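Remember, it's a predicted structure, so these values are computed and weren't measured experimentally.
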Amino acid sequence: MSDVIDWDEAMQQCGDDEEFLRELLDDLRSETDTQMAKIQETIRNPVDSPFVQIMRAAHVIKGAASNLMCAQLRQCAMQLETAASSAANETDGQSDKEALQEVKDKYEELKVAVKKYHEYLESVDI
């Protein structure tokens, strides 16, 4: 088992169909990249309830990573989702520097997890 994915558990989730698992992991990469771009753009240009948008994007990553036993990705996405949710609830849509910094910090942690996920996929030829 690696820190990135519990391969045996993920295989079990996919009925021991490795080709299907590999396809799902590739799909997760694409979905994660899409959501990370949304988060990055929202942080760069925070309009229209930015913390809610970040929370939703992190939630998508968390759910998909959880289904495929990608614990590190799931954990970091969950922490970002929680930080964004707290910021959305505490600031009533107003700019709060501390809340924004917490969200940015959790986003940076998620970026590291995504990078490790990409590296893992490359290491197993996905």
Side-chain angles (χ1 to χ4, degrees):
M1 180 174 103
S2 81
D3 290 341
V4 176
I5 181 173
D6 183 334
W7 188 268
D8 292 338
E9 283 292 318
M11 280 290 289
Q12 201 170 21
Q13 286 289 102
C14 294
D16 290 323
D17 184 339
E18 184 173 344
E19 184 177 335
F20 183 52
L21 174 57
R22 287 173 168 274
E23 183 179 317
L24 291 175
L25 291 171
D26 188 43
D27 290 346
L28 174 59
R29 174 176 33 210
S30 297
E31 184 63 43
T32 298
D33 290 349
T34 298
Q35 298 305 322
M36 291 296 286
K38 287 180 184 179
I39 295 167
Q40 184 176 18
E41 179 56 32
T42 302
I43 288 173
R44 258 196 229 135
N45 185 22
V47 294
D48 298 328
S49 305
F51 295 125
V52 173
Q53 292 177 31
I54 292 168
M55 180 181 66
R56 287 180 182 152
H59 181 80
V60 169
I61 295 170
K62 178 187 78 174
S66 181
N67 289 338
L68 292 173
M69 304 301 142
C70 299
Q72 184 180 46
L73 198 54
R74 181 196 62 79
Q75 181 67 24
C76 289
M78 182 175 70
Q79 289 172 351
L80 175 57
E81 180 186 19
T82 300
S85 176
S86 294
N89 292 328
E90 290 174 12
T91 63
D92 294 326
Q94 304 218 352
S95 175
D96 176 15
K97 288 183 181 181
E98 282 184 32
L100 181 58
Q101 189 57 54
E102 176 71 10
V103 168
K104 285 180 178 179
D105 291 346
K106 295 303 177 188
Y107 170 67
E108 290 301 319
E109 291 174 17
L110 181 56
K111 278 174 49 177
V112 171
V114 169
K115 182 176 185 283
K116 288 181 179 179
Y117 180 70
H118 280 243
E119 290 169 352
Y120 177 82
L121 293 185
E122 288 174 19
S123 77
V124 294
D125 296 322
I126 296 178

field: Non-hydrogen atoms of Ala84 and Met55 that approach each other most closely
entry: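 The answer is CB-N, 3.7 Å.
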N-O pairing of Lys104 and Glu108 below 4.0 Å: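 Between Glu108 and Lys104 there is no salt bridge, as every charged N stays at least 4.0 Å from the carboxylate O atoms.
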message: For Gln12, give me all partners under side chain to side chain contact (heavy atoms under 4.5 Å, CB included), at least two apart in sequence or on another chain.
response: Glu9
- prompt: Heavy-atom distance under 4.5 Å between the side chains of Leu80 and Ile61, does that happen here?
  reply: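 They are not in side-chain contact.
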message: How close do Tyr117 and Leu25 get, counting heavy atoms only, and between which atoms?
response: OH-O, 2.7 Å
query: Between Thr82 and Met78, is there a donor-acceptor pair closer than 3.5 Å when you use the side chain of the first and the backbone of the second?
result: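 Answer holds: yes.
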- prompt: Considering only heavy atoms from C-beta outward, does the side chain of Leu100 approach that of Phe51 to under 4.5 Å?
  reply: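 Of all side-chain heavy-atom pairs linking Phe51 with Leu100, at least one is under 4.5 Å.
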query: Does a salt bridge link Arg22 with Glu19, judged by any charged N lying under 4.0 Å from a carboxylate O?
result: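 Salt bridge flag = no for Glu19 with Arg22.
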query: Distance-only, no hydrogens or angles: does the Tyr120 side chain make a donor-acceptor pair with backbone N or O of Asp3 under 3.5 Å?
result: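 A pair under 3.5 Å: no.
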message: Quick check: closest heavy atoms across Glu102 and Ala83, and the distance to 0.1 Å?
response: CG-CB, 3.8 Å
- request: Supply the atom-to-atom distance Gln35 CD to Thr32 OG1, rounded to the nearest 0.5 angstrom.
  value: 8.0 Å
field: Audit row: Glu119, Val4, side-chain contact (heavy atoms from CB on, under 4.5 Å) steps and yes/no
entry: CA-CA 9 Å; Glu119 290 169 352; Val4 176; over 6 Å; no
message: Lys106 vs Glu109, test: salt bridge (charged side-chain N to carboxylate O under 4.0 Å, His left out). Steps then yes/no.
response: CA-CA 5 Å; Lys106 295 303 177 188; Glu109 291 174 17; 3.7 Å; yes
message: Applying side chain to side chain contact (heavy atoms under 4.5 Å, CB included), can you list everything that pairs with Val112, at least two apart in sequence or on another chain?
response: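 Partners of Val112 under the side chain to side chain contact (heavy atoms under 4.5 Å, CB included) test: Lys116.
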statement: Between the CD atom in Glu18 and the CG atom in Asp16, the distance rounded to the nearest 0.5 Å is 10.0 Å
message: Quick check: is Ile126 connected to Phe20 through a chain of hydrophobic side chains (ILVMFWY, heavy atoms under 4.5 Å apart)?
response: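 Yes, it is one cluster - the side chains of Phe20 and Ile126 are joined through contacts under 4.5 Å.
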Side chain to side chain, Tyr107 and Met36, heavy atoms closer than 4.5 Å: yes
- request: Drop me the distance from Glu98's CD to Ser86's OG, to the nearest 0.5 angstrom.
  value: 12.5 Å
- prompt: So which heavy atom on Ala65 is nearest to which on Arg74, and how close?
  reply: CB-N, 3.7 Å
Nearest-0.5 Å distance, CG of residue Asp17 to CG of residue Leu21: 8.5 Å
task: For Gln53 and Pro46, indicate whether the former's side chain and the latter's backbone hold a donor-acceptor pair under 3.5 Å.
output: no
- prompt: Between the main-chain N or O of Leu121 and the side-chain N or O of Arg29, is there a donor-acceptor pair closer than 3.5 Å?
  reply: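 No, because the side chain of Arg29 does not come within donor-acceptor range (under 3.5 Å) of the backbone of Leu121.
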- prompt: So which of Ile54, Val47, Val52 actually passes side-chain contact (heavy atoms from CB on, under 4.5 Å) with Thr42?
  reply: Ile54
message: Go through it in stages, so that I can follow the logic: the residues are Leu73 and Leu28, the test is side-chain contact (heavy atoms from CB on, under 4.5 Å), and I'd like the CA-CA distance, side-chain angles, deciding distance and then a yes or no.
response: CA-CA 11 Å; Leu73 198 54; Leu28 174 59; 4.1 Å; yes
field: Taking every non-hydrogen atom, the tightest pair across Asp33 and His118
entry: OD1-NE2, 2.8 Å
field: Heavy-atom closest contact (Ala87 atom, Ala99 atom, distance)
entry: CB-CB, 3.6 Å
- request: Measure from the side-chain N and O atoms of Ser85 to the backbone N and O of Glu81, and report whether any donor-acceptor pair falls under 3.5 Å.
  value: no
Gln75 side, atom CD; Leu110 side, atom CG - distance, nearest 0.5 Å: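 If I round to the nearest 0.5 Å, the distance is 11.0 Å.
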